[in-house]
Structures are given as C-alpha cells and as structure tokens.
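Just so it is clear, the model here is predicted, and its values are computed rather than measured.
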Amino acid sequence: MTILILIIVLALIFDYINGFHDAANAIATVVATKVLTPFQAVVWAAFFNFLAYWVFGFGVADTVAKTAHTMEINLVVILAGVIAAICWNLLTWWLGIPSSSSHTLIGGFAGAAVAHAIAVHGFSGYVGEDGATHYWYEIVSWYKAGKDGAMPSGVLIIIAFIVLAPLLGALASYLISIWLLNASRKTIGPKIFTAALMIATIVFVYYQMVPYEKIEEPRFDSHFWSVAFEAHNIKWFLVAFIILTVSTFCLIFSSLNLHQADAALKKMQLLSSAAFSLGHGGNDSQKVMGIIAAAVAVYINTNPGVHMDAWLDVVLPNDDAGIKGVMPSWIPLACYSAIAAGTLSGGWKIVKTMGSKITKVSSFEGVAAETAGALTLYFTEHLKIPVSTTHTITGSIIGVGLTKRVSAVRWGVTVSLIWAWILTIPISAILAGLVYFILSVFI
C-alpha cells in the first residue's frame, strides 16, 4: 500500500509539472500578441484547465492505463515509469524544449514494463496463463483493433500521432487561416461558404448529441438540463460554439476596418485560448488518471482478496467482458486541480519558443492556431487517443506561418523540436528501464 500511495503522490506531482511544462501551449500566442499579460494568461489558462473536469470523460485515461498489461506487471514498474517521466519533463522544461509530457509518461510506463518482462522472463519465450508462448515485448499493448469499427488503440497508434497530431493541427490552422483571409474580401463567395459551414456544423453536432434516454446518470430532473449538461454533449456544444463564433466573425470581417478587425480578433483570442486550455486540461489530466487507475489495478492483481477502501475503488473498463469503469471523483478532481496549479506556475522559457521562435504570431494567427489546436484535441479525445498538446499547438502555429510563406517558419527551430519529439518516447523508455532495475535492488 505504501508504494501505491507513493505512486499516486508522484503522479499528481507529475501532473503539476505537466501544468507548468505545458502552460506555454495554451498561453504562448495570447502573450506573444499582448492580448493578456503573462500573469493574466496563466490564470486564464489554469481556470479552463480545471473547468475541463465537467467537460471530458475518461476515454484517454483508459487508453493510458492499458499501455502495459496490468496482469503482468507490479507497482515498481509504474513507480519507475512515473519517476522517469518526471525527470525528463524537468530536464526539457529547464532547457526550454516543448517536448510532450504525454509521450514522456507513455514511454516511461512502456519502458519500465519491458524492463520488468526481461528481468522476469529473459529474452526467450515463456508459457503464459493462457497456455500460449509469449515474449518480453508482448507485455506492452502495441496495437489493439477497435471494436465495431471504432478507432484502434495501443502504443503504435500513440506513436503514429506524434506525426499525425501536428499535421492535423497544421492542416486545420492553415485552412482556418485561408478561410479568414478570404472572408476579409468584399465578395459573396466566402459568405456563402461560411453560411453553409454554419448549417453543416449545427446538423453534425445535433446528431452527436446523447439524448436523455441514453444518459446513464442524469444530473437533473429536467430532461433539457440533463441533456445540456451531459459531459459528452457539453464538448460538442463547445465545438459548435467555437466554429459558429469564428463563422460569425467571418460574415462581418469584410465590413470592418483594420483597427476594428484587430480588436475583434484579440477578443476572439480569449475564446480560442480558453478552448485550447480546456482541451489541454481534459487531455493531459486523463493521462495521470490512467496511471493511477493502472496502479490500483496492479495492486489488486498482486494482492488477491485484498479489500479496497471506497476512495481507491478503481475499476478499469473492459468492453469485451461488459465491465464498466469506476473512477472515484477525488481522482479526476485532484488531477485537474494539480494541472491547473501547475499552469499557474507558468513556464516562460517554453513560452518564448512557442510564441516567437517558430514564427511571428499576430492576433490573426493566434486565433487560427488556437482554434485549430482546440478542435484537434477535442476530436482526438473523442477517439480516446492521448495526443500531445505540445505537438498539436506547434503544428498549428506552423500551419498559420505557412499561409504567409514557407520561409516565415523558422525551420531550424522546428527541426530541433521534431528531434525532441522523436526522442522523447525512447529516451523516457530507456530511463524508466534503468530506474526500474535500480528500484528492483531496493524494493
């Protein structure tokens, strides 16, 4: 139980570090464009980090918890993974490198699990409880096909999104920038496109809504308020609100002078940075929830017959067995509080990299980048994929830079960032493996 409590404490410390390490993701553009002061920006971002508690579910947490097969590891594996993730996060923060906290955690967890498998079984095959021959590398859930056409999961999917997340962010921000640029012209075509997009958004979001009859635990007696405040529905309401707000601006953009347009864009940056902070809180806090859930599951597996107190009554969902997940409310509350507190602590070295070194960012580019980043995070969270908020917003900033010219992006800085992204998972894995072997000597 002592190691379990230590893991929970360290996981929350990692969540706090994640907050100030990744604070720059949400606030870099609003600071760079002087919409908010650095202090105002971190307070703004921290508030929406915490508000994400009422918006997002636990899909990403479930994916992270199942990075390694919990039936085949012990608590030392998770402890080593969290320690390695904390060390790498602090190092990259100190060096001002916007690496991925998400991939640090995944790499640490997977690396410690592989080290455990090698330590227990060696490199040769062994016969598992199912009677089949297994190998050390199978301890990690590399790939699992989605059920009924759903998105597949596993570490390989997470690795794929090292490339896909920034590409999606870049593509979305590029398209939003082109949309805004065309909307500034006094022609009818962009307005027709914008009106059609508004209608399409309303129809799409309507069909994504969960009706009252399918809500498992309605929050209110009123059907209307229960539907309106269902977490899944709130997320889609936000998507609609973001797109419709930008669309409304596009409809009147051509009638505004330069000063009026810039003032409106700065106000819209408050909305876009808030939306991205929500996505950041919802995506990154769930990863720590997943680690805590995995630790509890491992503790139960290694201590059969143990009675867990209600505050630690965590159950990982299993769609194949029809088991629904259970997460005591203090865990998400603690995780969202920790990441919000971390965001309040700032992370100014990374703010400088994100807000000025990649490309010069104006209010126009800030709105496009943050809106694209927020939408990318919402959709990937919906697919239960733990993507990097760092990669997403970096890709989005690059996307808006490309609308000016290719040379507007400082590719030397970008290439350095990409190397940091590529190396994060393997370095975290190797570091976690070493930490595991050291801990195994004493525990």
Side-chain angles (χ1 to χ4, degrees), residues 57-73 77-78 80-81 84-85 100-118 120-121 123-168 283-284 286-287 289-291 293-295 297-298 301 316-323 325 376-377 379-389 391-392 421-430 432-433 436:
F58 306 123
V60 171
D62 178 42
T63 300
V64 172
K66 294 175 179 176
T67 297
H69 299 299
T70 54
M71 295 294 289
E72 300 179 32
I73 61 175
V77 169
I78 300 178
S100 168
S101 298
S102 311
H103 294 151
T104 301
L105 197 59
I106 296 293
F109 192 3
V114 168
H116 173 74
I118 293 173
V120 174
H121 303 290
F123 292 98
S124 59
Y126 62 94
V127 179
E129 294 181 0
D130 57 359
T133 301
H134 297 278
Y135 294 90
W136 55 273
Y137 52 82
E138 293 179 356
I139 196 169
V140 174
S141 178
W142 296 105
Y143 180 85
K144 183 179 179 182
K147 189 176 181 181
D148 298 327
M151 188 76 183
S153 60
V155 174
L156 290 178
I157 300 299
I158 297 170
I159 291 173
F161 271 83
I162 291 178
V163 177
L164 292 176
L167 281 180
L168 288 172
N283 201 287
D284 284 24
Q286 285 190 59
K287 293 153 192 171
M289 293 180 218
I291 290 295
V298 170
N301 292 336
L316 293 179
N318 188 328
D319 295 335
D320 297 331
I323 299 173
T376 302
L377 289 180
F379 278 101
T380 51
E381 194 280 336
H382 178 67
L383 297 173
K384 302 181 182 180
I385 302 170
V387 301
S388 167
T389 54
H391 296 184
T392 303
W421 299 350
I422 293 171
L423 294 174
T424 291
I425 287 182
I427 288 179
S428 299
I430 293 169
Y436 170 81

Q: Considering non-hydrogen atoms only, spot the tightest contact between Ala165 and Thr376 and give its length.
A: O-CG2, 4.3 Å
Q. If every non-hydrogen atom of Ala112 is compared with every non-hydrogen atom of Gly81, which pair is closest and at what distance?
A. CB-N, 4.0 Å
Q | Where Gly59 and Gln286 come nearest, the two heavy atoms and their spacing | A | N-OE1, 3.2 Å
Q) Which heavy atom of Thr133 sits nearest a heavy atom of Gly125, and at what distance? A) CG2-CA, 4.1 Å
Q.
Does the plane of the ring in Trp136 sit parallel, tilted or perpendicular to the ring in Phe123? Use 30° and 60° as the thresholds.
A. perpendicular
Q) Is there side-chain contact between Ser388 and His103, with heavy atoms separated by less than 4.5 Å? A) yes
Q) What heavy-atom pair brings Lys287 and Leu105 nearest, and what distance separates the two atoms? A) O-CD2, 3.8 Å
Q. Are Ile385 and Thr63 close enough, and set up right, to give a side-chain contact (heavy atoms from CB on, under 4.5 Å), and what steps lead you there?
A. CA-CA 7 Å; Ile385 302 170; Thr63 300; over 6 Å; no
Q. With side chains defined as the heavy atoms from C-beta onward, is the minimum distance between Leu168 and Thr392 less than 4.5 Å?
A. no
Q: Flag yes if more than 12 heavy atoms outside Tyr135 fall under 6.0 Å of its OH atom; otherwise flag no.
A: no
(Q) If you define the side chain from C-beta out and look only at heavy atoms, does anything of Thr67 sit under 4.5 Å from Val155? (A) yes
Q.
Give me the atom names and distance for the closest heavy-atom approach of Ala110 to Val140.
A. O-CG2, 3.8 Å
Q) Do Phe109 and Ile78 come within less than 4.5 Å of each other through their side chains, counting heavy atoms only? A) yes
Q: To the nearest 0.5 angstrom, please state how far the CD1 atom of Ile158 sits from the OH atom of Tyr143.
A: 13.5 Å
Q: Kindly compute the distance separating CD1 (Ile139) from OG1 (Thr70), expressed to the nearest 0.5 Å.
A: 10.0 Å
Q.
Checking the side chain of His69 only, and the main-chain atoms of Glu138 only, is there a donor and an acceptor separated by less than 3.5 Å?
A. yes
(Q) Once rounded to the nearest 0.5 Å, what's the spacing between atom CD of Glu72 and atom NE2 of His121? (A) 6.5 Å
